[in-house]
J.: 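One structure, as structure tokens, below. Some questions next.
For reference, positions follow the sequence shown, starting with 1. Everything numeric here is computed off the predicted structure, so don't read it as measured data. Remember, it's 1-based here, ligands and their atoms both numbered in the order they're listed.
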Amino acid sequence: MPPRPIIIDCDPGQDDAVALLMALASPESLKVLGITCVAGNVPLELTQRNARRVCELAGRPDLPVFAGCPRPLILPLGTAEAVHGQSGLDGSGLPDQPTMPLQDRHAVDFIIDTCLSAADGEITLCPLGPMTNIAVAIVKAPKIVGKIREIIFMGGAALGPGNRTPSAEFNIATDPHAARIVMEAGAPLVMFGLDVTHTVITTPTRLDAIRKIGTPVAEAVSGMLSFYDRHDPERYGEPGAPLHDPCVIAWLLQPDLFRGKETHVAVETTSPLTLGRTVVDWWGVTGNEPNAIVMDRADSDGFYALVVDRLSRL
Ligand code: BDR
Ligand code: CA
């Protein structure tokens with residue numbers, strides 16, 4: 001089978017960075033057409049810069065990186081420096097300024113142009129941050145929906161609590177209105193919410209396995225993950241941090257690592273208390289047609305074996 005063409009839409013972020021590295025390490029399975037950046041974990045100026053820093057780390061300065069929307073559709077931007085540090089990639093030890101260029105074209109236009117020139121159902125979109133760019137692309141050019149094979153996203157929580165508010169996960173809470181547009185667009189969805197990402201934790205043994213790879217990529221990743229998981233033991237009572245975004249790429253590479261259920265997911269956009277909640281009809285009580293595969297289980301040891309395998313390739 002030829003490699004699957006994907007666009008990764010992200011807000012790096014240490015976990016976004018690991019997802020990007022895994023994808024770039026897997027050219028036989030994934031053809032990364034471009035990386036589009038959005039404001040999220042840190043402002044856009046930093047997420048687009050971080051995406052280029054990661055491409056350079058992976059030895060892919062040729063990859064096109066695009067800057068997209070600098071803020072959510074309606075809400076003011078709320079960032080997450082407390083988790084990711086001031087740069088968004090604290091701990092990586094990478095040079096601050098990448099030398100590879102940022103593309104001139106807007107990320108939204110790259111998504112639209114790529115989809116419109118593709119066959120029906122050809123392009124896979126992988127949003128790893130707030131869904132602003134994807135929503136704007138759908139609103140600007142609704143015809144792209146027919147070109148999308150799947151939108152595989154990290155975001156939301158199906159059955160458990162949020163991490164940004166008691167109800168909502170960060171990516172969806174940051175731009176709930178964009179997420180709602182995406183959920184209602186009609187493209188097939190695959191959701192990796194906190195239910196599953198909180199089962200893939202960076203324990204000291206797993207971090208050690210990454211460090212022992214012994215390459216510059218492994219050194220940068222173990223540095224950034226050591227920073228990233230510094231306060232999670234206190235926060236979640238776990239021995240490390242959830243490696244959220246790489247779940248999306250891991251599923252593309254090895255789907256049998258995860259279990260999910262076809263069901264309906266909607267986004268709460270009206271109630272202040274639960275704004276950004278992903279309302280997942282787990283037991284099919286609404287009669288709504290399923291619009292998503294919602295993941296709830298991962299083989300976490302298998303997941304980390306895959307992470308180590310892919311990082312070792314770079
Ligand atoms: C999500 O929010 C960000 O902090 C991470 O990069 C991930 O995409 C987890 O809630
Ligand atoms: Ca992210």
J.: Suppose I only count heavy atoms of H84 and a 4.0 Å limit; which atoms of ligand 1 are within that range?
T.: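 So the answer, numbered in order with elements, is 3 (C), 4 (O), 6 (O).
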J.: Assess G40: does it contribute an N, O or S atom lying under 3.0 Å from the Ca ion (ligand 2)?
T.: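 No, G40 does not qualify, because none of its backbone or side-chain N, O or S atoms lies under 3.0 Å.
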J.: Report the nearest protein non-hydrogen atom to atom 6 (O) of ligand 1: residue, atom name, distance rounded to 0.1 Å.
T.: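 That would be D15 OD1, 2.6 Å.
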J.: Does the pair E28/R313 count as a salt bridge with the N-to-O cut at 4.0 Å?
T.: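 Salt bridge: yes.
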J.: Tell me the contacting part of D16 for ligand 1: side chain, backbone, both, or neither, using a 4.0 Å heavy-atom threshold, strictly below.
T.: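 It is the side chain that gets close, since no backbone atom is under 4.0 Å.
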J.: So does D15 have any N/O/S atom less than 3.0 Å away from the Ca ion (ligand 2)?
T.: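 So D15 does not count as coordinating the Ca ion (ligand 2).
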J.: Please confirm whether N163 comes within less than 3.5 Å of ligand 1 when only nitrogen or oxygen atoms on both sides are compared.
T.: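 N/O-N/O distance under 3.5 Å: yes.
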J.: I need the full list of salt bridge (charged side-chain N to carboxylate O under 4.0 Å, His left out) pairs touching residues 36-57, with sequence neighbours left out, sorted by first then second residue.
T.: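 Sorted result for residues 36-57: R53-D96.
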J.: Would you check if there is a donor-acceptor pair between the side chains of D229 and T202 at a distance under 3.5 Å?
T.: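 A pair is found: one side chain offers a donor N or O, the other an acceptor, under 3.5 Å apart.
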J.: Just need the protein heavy atom nearest to atom 10 (O) of ligand 1, so name the residue and atom and give the distance.
T.: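 I find the closest protein heavy atom is E169 OE2, 2.4 Å.
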J.: Under 4.0 Å from a heavy atom of L128: give me the atoms of ligand 1 that qualify, with their elements.
T.: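 This gives 8 (O) as the contact atoms.
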J.: Check salt bridge (Lys or Arg N to Asp or Glu O under 4.0 Å) between R164 and all other residues, then give those that pass, not counting sequence neighbours.
T.: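 R164 satisfies salt bridge (Lys or Arg N to Asp or Glu O under 4.0 Å) with no other residue.
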J.: Using ring centroids (six-membered ring only for Trp), state whether H84 and Y228 fall under 6.0 Å.
T.: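 Yes: the rings meet the under 6.0 Å criterion.
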J.: Using heavy-atom distances, let me know which of V18, D245, V248 sits nearest atom 8 (O) of ligand 1.
T.: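 Among V18, D245, V248, the closest heavy atom to atom 8 (O) of ligand 1 belongs to D245.
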J.: How is the N/O/S atom of D245 that comes nearest to the Ca ion (ligand 2) named?
T.: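 Closest N, O or S atom of D245 to the Ca ion (ligand 2): OD2.
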J.: Just to confirm my output: which protein heavy-atom neighbour is closest to atom 3 (C) of ligand 1, and how far is it?
T.: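 Protein heavy atom with the smallest distance to atom 3 (C) of ligand 1: N41 OD1, 3.0 Å.
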